[in-house]
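Below you'll find the structure, written out as structure tokens, and then a few comments.
Each chain gets a letter, A, B and so on, in the order the sequences are listed, and its residues count up from 1. Side chains included, hydrogens not; waters and symmetry mates left out as well; all remaining heavy atoms used.
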Amino acid sequence: MNKMNKYKLSIFLSVFTMCIVLVIVLYPFIWLFLSSLKFEMDIVKFPPETLPERLTFSQYIRVWQKLPLLTMTRNTIIFSTMTTFTNCLLCAMGGYAFARIFFKGKNIVFAFVLISMMVPFQVFMIPLYIIEYKIGILDSFLGLLLPRLTWPFGIYMLRSFFGSIPKSIEEAARIDGANEYVIFWRIMFPLCIPAVLTIGIMTLVNNWNDLAYPLILTNSIQMRTLSVGLAMFVGQRVIEYGPTLAAAVVSLIPLMIVYVFLQKFFVRGVVMSGLKG
Amino acid sequence: MKYSKKRINSIWYSPQVAAWVFLFPSLVSLMVFVFIPLLTAFLMSFFDVNIFLSSIKFSGFSNLKEIAEDSRFWNSLKNTFQYTFLSVLIGTTFSLSMALYVSKNSMFRKLLRFSFYAPVVCSMTAMGIVWSILLDPTIGMIAKWTQMIGLPKMEFLKNPDMAMPLVVFVSIWKTFGSAMIIFIAALHAIPNVYYEAAVIDGAGVWIQFRKITLPQILPVLGFNVITSTIAGLMVFDQTYVMTRGGPLFRTETIVQYLYSRAFSISPFRLGYASSIAMILFFIIAIISVILYRSFLKNENRVSGNE
Amino acid sequence: MFKKGECYETDFVVLVLITCMVSMVFAAGSKEDVSTVTKGTEISFWNGFTASDGDILREIFDRFNAENPQDIKVDMDIMPWANMLEKLAVSVSTKTGPTLILLGLENIPEYSESGALLSLNDFWEWSGLDKDNYSPNVLKAFQYNNNTYGIPMQYNSHYLYWNKDLFKEAGLDPEKPPKNFSEFIEYAERLSDPTKEQYGYAFAADSAVITNFLWSNGGDWLTADNTKSAINSPEAIQVFKMFQDFSKNKISPTGMTGADLDNLFYAGKVAMYINGPWLIAGCREKGIDFGIGSIPASDSGNKEFIGTGVAFMITSSATEEQKIAAYEVIKYWLSKNILKEWTLRNGFPAWSQEVLDDPEVQKNLIQSELGTITQYTRVPFEGLPESTQILSDYVNPILEQLTYLKISPSEAAEKMEEGINKVLKNR
């Protein structure tokens, strides 16, 4: 086999493999979306089919009727976008501080940050409830926001990214007389925008879909988020699959839109303006 | 006056102070809302206390002693390790491979990049339900396809031996996208000149990977390995939604076990659950330190940036 | 390049951003103040009735809020049971808990022992309702230590469902379900067809269903005084063997949960199924031609079935005023019209005589059938706080091993006995 054929074969194989991966990745979504348009008795039947025999919007109508969708969406948006803003900012600041500034006690403080990542929510949710009760912020947006102001994972990740920027850029700025805040805001932060955006969308997604956290800290239907909406069709003995799937789609769409929109900024790449080579 | 202003400013603008200013809000939030609850949980492990906080008795190390003889605890530990090992090894390798392929810019790869992140965006609860239906041994699509291609009927999540690997698979399906885009961001930061030079020197793809790519992304690789290990050891949602810890407790993880002790099974022993949590915490901390050291060692050798 | 002026500018921008975010917090989301108590009291009410029965509940309570003369406002918060249990204990202990809750009656012993519940001993006198109207079986099931901590909201047993089409296909009379154990096993074998993935009788490895057969056969989990295990008996081992054979012979699938089996029944792959009343609505919706009736008695004709239910309870977070308001709510629920509505719309059997006597209920064949079964029911592990522990740690896991053919029926009985006695020893 000559070189040209070998090349073509390897391209074919890699594309083929990727298509298989693509199918595995996307099929559940396709099934989810199509099944949300089926009648309840067609979703769990034998033999199972992917395509709906007959279409219906009744599942979506049921979701609309049963859930205060607008309130829930509003709450979800407020909660997730606020935490996303604060996370992006604070994680960037924190990551920068750990990566580029040498200060006393740095390692211990970083250890503290990592430790907060190492305990699952189920373990500290009861003490957290009590603390919020004592402070008096239970059942409020402030109560949902303050514990999630920052994200250790984000600090850690941005520390890695800030750490990989060559010192030469920083030194050039210092020679020009800039202080830490300017260096951070004008130079370093812009260089890590893709990474910061990555943290942003991760925070957005995590908080958008979180169920246990908002549920235990809020007491009224007014404060509920979309994730709860999904659980509302899953009874202890009865599961309404149709509305559950429809609610899942409804919850999914805003995130997908945001993701599509941000896609362009994600992998723009870091531009090293002529300082190396 | 400009002179004294300069003196005050010079303190404010000193790196030391700036660092603390940058970290202050994060630290306060973490201290009050994570660290203190954590300490409380740590203290509770020495007490006999239930979730009603109704009878609080000091019990010292008796919780720990009981855990040592609790076969269900050791079982959950084994399951957790199995889950973590499989999901970190396979997950990281897979997301890196995908990242390598889709980081280049072509329409097809952009489509892939977009699609691969889709599972991350949806909720685990929703997709857990979807996968459970798809994997149903009788009325699931996957059962239908496997029988169509002639395989014998399989129990999937109901089979004690198949359950954990399937949960790992779904978990990787759900999360590989986020590790992937982190890798992509790192790959994009490698200047093209390196590769161009290597090609000129006649280096093959594999050599390029080993000598250029790998060292450059080592910090990020370490990051992904460490964070996915921590997440793996703390896993709860995946197993809770798909198998509830069964069958025969083969997918019960540590967090799931401590959750059931505290919330599902009388007498709702919060103290006992906290002890388990503390043990888990130490396991995570030790493993993280080991991983961190081994990656950091290589990182310093390579980049010399710290 | 960087003048001092520009440094201030950056700080300023950051400050403005932070101020904006903070003001967004206060402006956007603060929920409406619920403090204005007009004529009546406001009480919070938590329960786990997600899905369709929750809709009916909401309707009923919306009507209550609109119509009740004392102008009581019930603020109902429905969330999944698991999440409710997460919140309930800590909220009650910090006095931020709800006034009224619904909870499975098996939780009454544990919750009352922990001081989370208020005693409701004065309810009947206060309400003036005729206690004799309500099934004594049922009322007794909600007592603990001769005290009342829960008032019944709904009560149900398990019933035999069968797929009439599959009966016809197998040559069996669709109107004649099996009457005793022997017939039951025979029918199950005839109705199973592994080639078509059809199951004669499907069950989940859960103690609830097995209890029905255990009791009818003369066995029991514990001794009458709840002090020791009684499970290691020939009667129990017989029942265990019956169920293990079902798994072994592929008459039932292994490892399925209740929800999985519901789906299989709806898909027409299961001929006989034992479940609570919630299956009725689903069957109708999915178009299954089903029959419902009493679970088969033992060969000697003995029948005793499981009873379970959901209770109204009032937590210790309630003030005296709120407690009385909650009493009004409970009294409203126990009225003939509401109980009848719940029975006819939601399918749960009636336990109030005046409802059972109502002509509409009597016309409803299913409900009149279910109503006759209630007298044969009692609650397993009655009044035992350790019941969930016994079930979760020993009984259900061992049953699971039994269905996975990992242990023999006699071994299962022995292991259960060991486990139960271990738990009870610590009382």
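- Heavy-atom distances place the backbone of C:Thr254, and not its side chain, under 4.5 Å from chain B.
- With a 6.0 Å radius and a threshold of 12 heavy atoms from other residues, nucleotides or ligands, B:Trp74 has its CH2 atom at or below the threshold.
- Against chain C, the residues from residues 128-139 of chain B that qualify, each with a non-hydrogen atom under 4.5 angstrom away, are B:Asp136, B:Pro137, B:Thr138, B:Ile139 in number order.
- Judged purely by atom type and a 3.5 angstrom limit, B:Ser266 uses its side chain to pair as donor or acceptor with the backbone of C:Pro385.
- For the atom pair NZ (B:Lys153) and NZ (C:Lys250), the distance works out to 9.0 Å, reported to the nearest 0.5 Å.
- A distance of 13.5 Å separates CD1 in B:Ile51 from NZ in C:Lys87, rounded to the nearest 0.5 Å.
- Using a 4.5 Å cut-off between heavy atoms, C:Ala205 makes no contact with chain B at all.
- Between chain C and the residues B:Pro25, B:Ala262, B:Gly246, B:Pro160, the largest count of heavy-atom pairs under 4.5 Å involves B:Pro160.
- The distance from atom CD of C:Glu86 to atom OG of B:Ser264, rounded to the nearest 0.5 Å, is 8.5 Å.
- Pairs passing the side chain to side chain donor-acceptor pair (under 3.5 Å) check and including a residue from residues 257-267 of chain C, sequence neighbours excluded, read A:Tyr241-C:Asn263, B:Lys158-C:Asp260, C:Thr257-C:Asp260, C:Asp262-C:Tyr273, C:Asp262-C:Asn275.
- Note on residues 159-169 of chain B: pairs passing side chain to side chain donor-acceptor pair (under 3.5 Å), not counting sequence neighbours, are B:Asp161-B:Arg250.
- Heavy atoms of B:Tyr240 lying under 4.5 Å from chain C belong exclusively to its side chain.
- Nearest heavy-atom pair across C:Gln389 and B:Pro267 is OE1-CD, 3.7 Å.
- Comparing B:Leu157, B:Asn50, B:Leu248, B:Leu270 by how many heavy-atom pairs each has under 4.5 Å with chain C, the most go to B:Leu248.
- Heavy-atom minimum distance, C:Ala82 versus B:Tyr259: O-OH, 4.1 Å.
- Applying the salt bridge (charged side-chain N to carboxylate O under 4.0 Å, His left out) rule to B:Glu66 yields the partners B:Arg269; only residues at least two apart in sequence or on another chain are considered.
- When heavy atoms are compared at a cutoff of 4.5 Å, B:Arg261 approaches chain C solely by way of its side chain, counted from C-beta outward.
- When each of C:Asp393, C:Leu85, C:Leu264 is checked for heavy-atom pairs under 4.5 Å with chain B, C:Asp393 comes out on top.
- The two atoms that bring B:Phe249 and C:Ser392 nearest to each other are CZ-O, 4.4 Å, heavy atoms only.
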